[in-house]
Amino acid sequence: MKVPAYRDDGSVPTYQAQLQRPRKGQALPLTAQLSASAMAAPALAHAESGQQTARVGSEIAEFGLKRAQVGADNEAQQASAALDIELQKLQHELLLDPNMATAAKRYEEKSRTLVETYKSNMSNRLARDAFMRRASDVRARNVTAFVTENNARVVEQRTVVLDSDTAESLGYATNPANPPIMRANAVVTAQERIADAAIDLGVAEAEKRADELYYSLARDSLVRIIDSGADAEQAIADFRAGASADPIVNAARENLSQADVDKIGKDVSSRADRIRLLAERGWAVERKEITQRMRLDLERIADEVTVRDDLGAADGAGAADFNSRSINMVNDAVDAHDGSDESKAQLRAQLNSLRADQVIKVGDLVQAAQRERALRVLDADTRAAVAVVADDPDQIGSLIKQIDLAIDEDASGFTTTEEEEVARQAAREALIEAALNTHIARGDIPAARELYDSPGIAQALPPSLQEGFKQKFISHDNKQNEFTRKYREKAALYKAEFGKEPTARMKMLWMGADDPQQAFLQAKSLRDAFEKGSARYRLLQENFGKVKASADNVSPAGDVSLIFAYMKMVDPGSVVRESEFATAQNTGSIPQRVYARYNAALAGTRLTKEQRTDFRSSAEKLFESQMPLQRELQERYRKLAVMFGLPVEQVVYDLVGGEPMVPPAGAEVPPAGAEVPPAGAEVLQPAIRLDATGAVIQQSGE
C-alpha cells in the first residue's frame, strides 16, 4: 500500500509502495514455490507489514500536530495583520498630538495594550505563541516608524519655534528707534535660544543658525536705518569700514566674514536702489492721482465762488475765500503725500500750477463781477439822482458832484478809465436833460435857459439834445415876442387914441387878468413855484419834528432815526439811501463823527443823554437859521400875488408862524406905465441855485 511520507522540508507528503506481497492467483515458478526462501517469504512479508503499520501510525500523529501548527500560524498571521493596522491608526492619531512627549508615552502604552488584547483573543497556546512571535516584529516596526515621525516633529517644531523666536528678536534688535541696550538684550536672547536648540537640531545646525543670525542682524539693521531716511551710500560705506553709527551693526560686523560683509553691502545697496525706484514710481502715480483729484476739487470750489452773491463785492471776499481754501487744499495734499522731500516739492509745484490757472479764472470772473456791480450801482445812483432832479432841478449841481465822487471812489479800480468817463458823461447828460425838461415842463423857461447857458452844461449834452433845447427856447421866445408885440400895439393904440397911458387895470385886462380861467392858471403857477421854493424848508421842518420825537424815544431804533433825521437836515438833497448810510460817505457836508455815531447806533449801541441833547440842539439851531429865508420867500410871493391881482391865500401861506397871509392896507399895485409880466408868463424862482460846477447862480434883477 502507499502511505504518506513526510519530508524534512515540510512539503506536502507523497505516497510510495512500502510492501509488495504476492498477488492472489498469480502464478510463480515452481522452483520459487518450493525453495526455502520462497517458503520464508510470507512470514517475512507479514513481519515487515507490521513494522510498516507502526510507522504509519507514527506518521499520522506527526501529521496531526503539523496541521495544528499550520492552523495556529494562520490565526496568528491574521491577528498580526489586524494589529499592524491598529498600530498604524494609533500612530496617525497620536502624531496629531501637539505634545510630542505625551504622544510617545501614550503610543507605548496603547501599543502594548493592543498586543495583549489580540493575544488574549487567540484560540490556543500554539496560536498565542505564533501571534507573539509575529506581534513582536509588527510592534517593533510600528514603534520605530512612530518614534521616527515623532522625533521629526520634535525637530520641526523646535525649528519653527526657534525661527519665530529669532525673527522676533531680530525685529526688535534691528529697529534703530529702540534703545541700544534693549536691542543688545534681544540679540543675546536669540543667541541663547539657538544654543538651547543645539540638543535637538545638532551642533552644526546651531552654528549655522548663529551665523545666519549675525548676517540677518547686520543686513536688516542697515535696511531699517536706510528706510528711516539715512543716506544709503554713506550707511553702507560705514558698515564696510566697521564705523557704523549703530553699535548693533558694528557688533554684527565683527562676527561676519569679509565675503558676507561684501554680500550684505551689495544686497542692501541693490535693495535700496530697487526700493527707491519703486518708491519713485509709486510717488509718481500718487502725484498723478492727487493732481487729478485736485483739479476737480479746484474746479468745484471755483464754480462755488463764481455763483456767490458777493462775488463782485468791493472787498474781494469771493476771491479771498477761494485763495484761502485753495492754499489750504494744496498744503493738506502735500502733507498727506508719503513721498520724499523732492517728491513733495514736485507735487507742490504741480498743484500750485493748477491753482494758478483757477486763480486766474476766478480773478477774471471777480473783476468782471466787480466791474458789472460798480456800473450797476452807478446806474442805480444815476437813476435816483435823475428822480431827485426831476422833483427839484436846483439840486443838479450837488448831484453831479455826488455822481463824480461815486465814480472816483466806488468804481475806481473796477472799471477802466474809458468806462468811468462814459459813465460820468452819461450821468451828466441824464441829470442835465432831466433838470432842463423839469424847468420847461413847469413853464420856467428862463431857469431852463439860465441852466443851459451855465458853463459846461450845453457842452455836456450830445448835439441832438443841444439842438432840441435850442429849438424849445426859440419857440418860447417867438411866442413871448408875439405876445409882447400885441400888448405894446394895444398900449400904443390906446395912448394915440386917448392921449394918455392906459391904466394898470386896463393893462391887466389886455393880459387876460380878468379872465377867471386865466386868473386861476396864474394863481396855480405862482402857488406851484412857492411850494417848490418852500420844499427845502418843509423838509427841514419835517426832519426837525423827527429829531424831537426820536430824541424822546430812548432806544437803539430811536437813536438810528434821530441821527438819520439829523443827517437829512444837514444835507436834505442827499440821494444816499437809508440802508447805505452806514458805509456811504459821498456827501461831504455831513461830518465824519455823525457817520460814526450812526454806525454805532446800527450796531445796537445807544447814544448817551448828552449826545441826544446835542443832536436836538444842533437840529433846532439849524432849523431856526432857515426861518428868515422862508419868511423872505413868503413875502416875495405875497407881493407877486398882489401885483397880479390874485387872492394871496391862493398863492402863499405861512409855514413859519402859521398866520394867514392877509394883504396889508395899501397893498402895492403896479405903478402906472409899469410893464407887468403877461398872464401865463414864467415866474421867478428862488434866488439861490447852483450850476453844474456847484457855483451859485444869481437870477437877473436880484
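- When each of N255, D220, D267 is paired with Y215, the side-chain hydrogen bond (donor to acceptor under 3.5 Å, both in side chains) condition holds for D267 and for no other.
- Residues R125 and D129 form a side-chain contact, since some pair of their non-hydrogen atoms from C-beta on lies under 4.5 Å apart.
- Side-chain N or O atoms of S221 include none that pairs as donor or acceptor with a backbone N or O of A218 at under 3.5 Å.
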- request: Check the pair D260, R219 against salt bridge (Lys or Arg N to Asp or Glu O under 4.0 Å), reporting the backbone distance first and the verdict last.
  value: CA-CA 10 Å; D260 287 339; R219 182 195 59 196; over 6 Å; no

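- R287 and S343 form a side-chain donor-acceptor contact under 3.5 Å, judged by distance and modelled atom types alone.
- Counting heavy atoms from C-beta on, the side chains of E75 and F131 never come closer than 4.5 Å.
- By the 4.5 Å heavy-atom criterion applied to side chains, T382 and I403 are counted as neighbours.
- Two residues are said to be in side-chain contact when any heavy atoms from C-beta on lie closer than 4.5 Å; D404 and R424 meet this criterion.
- Electrostatic pairing of R209 and E205 counts as a salt bridge here, judged by a charged N lying under 4.0 Å from a carboxylate O.
- The shortest side-chain heavy-atom distance between I264 and R253 does not fall under the 4.5 Å cut-off.
- Taking each heavy atom of S216 and L170 in turn, the nearest pair found is CB-CD1, 3.7 Å.
- Side-chain atoms of D238 and Q234 form a donor-acceptor pair, as typed in the model, at a separation below 3.5 Å.
- You'll find the side chain of R183 reaches within 4.5 Å of the side chain of D246, heavy atoms only.
- Side-chain atoms of R295 and R355, non-hydrogen and from C-beta on, never get closer than 4.5 Å to each other.
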field: salt bridge (Lys or Arg N to Asp or Glu O under 4.0 Å) between E286 and R281, worked out
entry: CA-CA 9 Å; E286 185 179 354; R281 291 177 179 174; over 6 Å; no

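- In terms of heavy-atom proximity, A127 sits nearest to A76 at O-CB, 3.8 Å.
- Side-chain polar atoms of Q69 and D73 form no donor-acceptor pair below 3.5 angstrom.
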message: Run D335 and K344 through salt bridge (Lys or Arg N to Asp or Glu O under 4.0 Å) and show every step you take.
response: CA-CA 8 Å; D335 292 341; K344 287 179 179 289; 5.6 Å; no

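- A salt bridge between R112 and E108 is present, with a side-chain N of the basic residue lying under 4.0 Å from a carboxylate O of the acidic one.
- Y107 and F146 have parallel rings, their planes meeting at less than 30° on a 0 to 90° scale where 60° marks the start of perpendicular.
- A salt bridge links R141 with D84; the closest basic N to acidic carboxylate O contact falls under 4.0 Å.
- Side chains of R193 and S169 form a contact here, defined as non-hydrogen atoms less than 4.5 Å apart.
- Under the 3.5 Å distance criterion, with hydrogens and angles disregarded, a donor-acceptor pair is assigned to the side chains of Y214 and Q191.
- In this structure, E299 places its CD atom where more than 12 heavy-atom neighbours from other residues, nucleotides or ligands lie under 6.0 Å away.
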